[in-house]
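A quick write-up on the structure given underneath.
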There are 2 protein chains.
Amino acid sequence: MDSKAEGSAPCSSPVYVHNPHLDALKEDILYHFSLGTETHSLQDMFGDVKFVCVGGSPWRMKAFTEYIAAELGMEDPKSEYPNICAGTDRYAMYKVGPVLSVSHGMGIPSIAIMLHELIKLLYHAKCTDVTIIRIGTSGGVGLEPGTVVVTKQSVDPTFQPRFEQVILGKTVVRNTDLDQSLAEDLLQCSKELNQFKTVVGNTMCTLDFYEGQARLDGAFCSYTEEDKQDYLNKAQEAGVCNIEMESSVFAAMCKLSGLRAAVVCVTLLDRLKGDQLRSSHEVLHSYQQRPQILVGYYIKKQLNAKAKDS
Amino acid sequence: MDSKAEGSAPCSSPVYVHNPHLDALKEDILYHFSLGTETHSLQDMFGDVKFVCVGGSPWRMKAFTEYIAAELGMEDPKSEYPNICAGTDRYAMYKVGPVLSVSHGMGIPSIAIMLHELIKLLYHAKCTDVTIIRIGTSGGVGLEPGTVVVTKQSVDPTFQPRFEQVILGKTVVRNTDLDQSLAEDLLQCSKELNQFKTVVGNTMCTLDFYEGQARLDGAFCSYTEEDKQDYLNKAQEAGVCNIEMESSVFAAMCKLSGLRAAVVCVTLLDRLKGDQLRSSHEVLHSYQQRPQILVGYYIKKQLNAKAKDS
């Protein structure tokens with residue numbers, strides 16, 4: 001079942017679902033958002049969304065909403081941005097004009113639940129030409145802390161660009177390519193901003209923060225410092241610039257649904273030099289703002305270009 | 001490195017870490033809890049913990065804290081239970097007497113990060129004889145909604161009792177057995193309570209809520225209703241009573257660290273009859289209280305028995 005994109009411009013690109021069963025549902029309950037097609041008018045609420053920014057932390061996504069509102073001159077004079085998912089504590093969601101901001105928690109399963117319901121939300125709302133960007137944090141591999149990485153390909157812990165989805169007990173392999181032109185646009189924006197270093201490179205996505213990322217400081221560790229360095233050096237040779245825990249399923253699901261997608265993560269430390277986050281709260285906080293600043297600049301530029309065209 | 005359990009009773013059981021590198025750390029920062037060995041006196045804060053209850057939702061874990069405080073006659077007259085992890089939005093943590101309550105988000109990666117840091121916390125605090133129980137929600141397989149399932153074994157999507165941990169790009173298989181005597185004790189408590197049905201059975205743990213659990217209502221679905229029923233019937237034949245997303249890594253990590261562990265999840269629906277949660281908010285809320293009531297009763301009984309002994 002593909003969106004008919006009714007009433008949209010001829011060359012606009014819809015958000016696809018691939019599920020023939022959805023048509024048979026009288027009501028579609030987006031349980032983890034506390035939203036539904038019978039209880040909410042999704043098209044009225046979300047029909048104008050053109051940019052979706054997602055990140056692990058609900059606090060960060062609220063801060064991004066306040067930041068983008070100021071950047072776009074759309075501040076609420078009372079600075080009140082209600083959480084659209086206030087009926088649940090699973091995810092937080094905010095909206096300012098065409099920009100939707102959603103938290104996704106930590107790890108592949110948590111972001112996957114959110115993306116299933118987000119893709120259905122955008123589909124029910126008949127949104128078109130949507131760009132989605134994950135703004136997150138990561139561990140860097142051989143990069144100065146604070147460097148921003150725009151992901152070229154998301155790779156698994158064996159450095160292969162693939163995501164394994166288990167369906168009915170069987171493994172299906174999905175592609176993890178991201179939109180290369182969007183990545184280039186974001187790199188160009190960073191050059192124009194000239195505030196911090198940004199690189200395009202591969203991102204390794206793991207199911208675990210400690211043993212899965214070769215950290216020496218978890219509750220369990222069966223390998224040596226040398227084993228760790230060997231593994232991270234091999235990752236670097238395979239083009240891995242940073243390590244996080246959501247990019248693979250994000251890339252796979254966005255590609256399947258026709259969303260133009262990018263992953264923009266700041267590196268909080270260089271994993272070749274350590275495992276624990278020892279920078280001050282202030283330094284870490286300023287690093288975490290960098291993906292927000294870059295993506296905010298990109299969105300503003302896009303909206304200004306569109307305003308000029310029309 | 002094993003705990004020396006200094007100053008504890010001769011036959012007490014410590015919390016183990018298996019990581020020779022931890023000794024070399026001057027400071028251990030439990031980043032996702034916003035706690036650390038240099039900034040907090042973990043032994044003073046947590047040394048008396050005997051029961052840890054964990055669950056996905058921060059709201060539910062706060063509600064459990066209020067409930068257990070009332071059950072144990074330890075209510076704060078102002079009903080204020082501060083979030084010990086207030087410096088972060090990744091997890092929430094509350095403590096009443098010997099009972100610690102911690103949220104873990106959704107999915108294996110999210111609970112694994114929490115467990116690494118929780119096990120290190122209990123180790124640094126020199127806790128002994130700790131029982132840990134996950135109180136959660138799940139989809140039932142052939143059970144009346146509202147039935148509580150105490151997990152015997154956590155099985156993977158091919159119904160095997162194992163958890164695959166990727167370490168340095170290689171897969172290590174871990175055991176997912178839970179404490180059988182604790183499961184029997186909890187079943188006995190349910191009989192004494194006589195408020196709702198409780199069963200002991202296998203729990204299937206998946207990496208995804210939609211395609212991974214054979215739901216027909218995700219953004220993507222490539223199988224038929226018949227394929228779904230076949231798969232869930234096979235799960236039922238393999239002894240699967242319910243499906244959730246955290247039990248396997250919980251069982252594996254608790255076993256490795258010497259924690260007496262149980263998984264107690266209520267079933268919110270019968271997956272053989274549907275996919276969406278259509279019960280009213282009130283009914284779902286009352287179901288979600290059942291694991292809390294059962295575990296609250298168990299803890300109270302244990303503490304009363306201990307008080308009688310001493």
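Chain letters run A, B, ... following the sequence lines, proteins first and then strands; every chain starts at 1.
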Quiz item: Does the H21(B) side chain pair with the main chain of G218(A), one donor and one acceptor, at a distance under 3.5 Å?
Solution: no
Practice problem: Please examine the side chains of R90(A) and W59(B), heavy atoms only from C-beta on, and report whether any two atoms are closer than 4.5 Å. | Solution: no
Quiz item: Which atoms of M204(B) come close to chain A, meaning under 4.5 Å heavy atom to heavy atom: side chain ones, backbone ones, both, or neither?
Solution: neither
Practice problem: Would you mind checking which part of L284(B) comes under 4.5 Å of any heavy atom in chain A, side chain (CB onward), backbone (N, CA, C, O), both or neither? | Solution: side chain
Quiz item: Using non-hydrogen atoms only, which part of D227(B) is less than 4.5 Å away from chain A: side chain, backbone, both, or neither?
Solution: both
Practice problem: Say whether, by atom type as modelled, one donor and one acceptor occur between the side chain of D208(B) and the main chain of I113(A) under 3.5 angstrom. | Solution: no
Exercise. Count the heavy-atom pairs under 4.5 Å between each of A219(B), P109(B), G105(B), S103(B) and chain A, then report the option with the highest count.
Key: A219(B)
Exercise. Mind checking the CD-OH spacing from Q276(B) to Y31(A)? Nearest 0.5 Å is all I need.
Key: 11.5 Å
Quiz prompt | Which of Q165(B), K234(B), R60(B) touches chain A most, by non-hydrogen pairs under 4.5 Å | solution = Q165(B)
Quiz item: Do L216(B) and L22(A) have side-chain heavy atoms sitting under 4.5 Å apart?
Solution: no
Self-check item: Residues, nucleotides or ligands: over 12 heavy atoms within 6.0 Å of E226(B) CD
Solution: no
Quiz prompt | Residue part contacting chain B, namely of T88(A), when any heavy atom lies under 4.5 Å | solution = backbone
Quiz item: For the candidates R278(B), E225(B), K228(B), M245(B), which exhibits the highest count of non-hydrogen atom pairs separated by less than 4.5 Å from chain A?
Solution: R278(B)
Self-check item: Region of T206(B) that comes under 4.5 Å of a non-hydrogen atom in chain A
Solution: neither
Quiz item: Pick from Q213(A), M253(A), H116(A): which one has the most heavy-atom pairs with chain B under 4.5 Å?
Solution: H116(A)
Quiz prompt | Those residues that, when tested against Y81(A), pass ring pair (Phe, Tyr, Trp, His ring centres under 6.0 Å) (two or more places apart) | solution = none
Quiz item: Step by step, would you call I29(A) with L277(B) a side-chain contact (heavy atoms from CB on, under 4.5 Å)?
Solution: CA-CA 8 Å; I29(A) 299 170; L277(B) 288 166; 5.9 Å; no
Quiz item: Quick one: what part of H32(B) sits under 4.5 Å from any heavy atom of chain A, side chain, backbone, both or neither?
Solution: side chain
Practice problem: Heavy-atom pairs under 4.5 Å with chain A are the metric here; pick the option from P58(B), G107(B), A214(B), S110(B) that has the most. | Solution: P58(B)
Self-check item: Under 4.5 Å from a heavy atom of chain A, the part of E27(B) involved
Solution: both
Self-check item: Short N-O contact, R174(B) and E211(A), less than 4.0 angstrom
Solution: yes
Quiz item: Between H18(A) and F220(B), is there a donor-acceptor pair closer than 3.5 Å when you use the side chain of the first and the backbone of the second?
Solution: no
Quiz item: Between T224(B) and chain A, which part of the residue has a heavy atom less than 4.5 Å away: side chain, backbone, both or neither?
Solution: backbone
Quiz item: At a heavy-atom separation under 4.5 Å, does D28(B) approach chain A through its side chain, its backbone, both, or neither?
Solution: both
Quiz prompt | Max heavy-atom pair count under 4.5 Å with chain A, selected residue of L168(B), L30(B), I167(B), L115(B) | solution = L168(B)
Quiz prompt | Spatial distance of atom OH (Y210(A)) from atom NZ (K120(B)) [nearest 0.5 Å] | solution = 4.5 Å
Quiz item: V166(A) and P157(B): which non-hydrogen atoms are nearest, and at how many Å?
Solution: CG1-CB, 3.8 Å
Quiz item: Checking L268(B) against chain A: side chain, backbone, both or neither under 4.5 Å from a heavy atom?
Solution: side chain
Practice problem: Take D217(B) and L25(A), measure what side-chain contact (heavy atoms from CB on, under 4.5 Å) needs, and give me the verdict at the end. | Solution: CA-CA 8 Å; D217(B) 64 337; L25(A) 286 178; 4.1 Å; yes
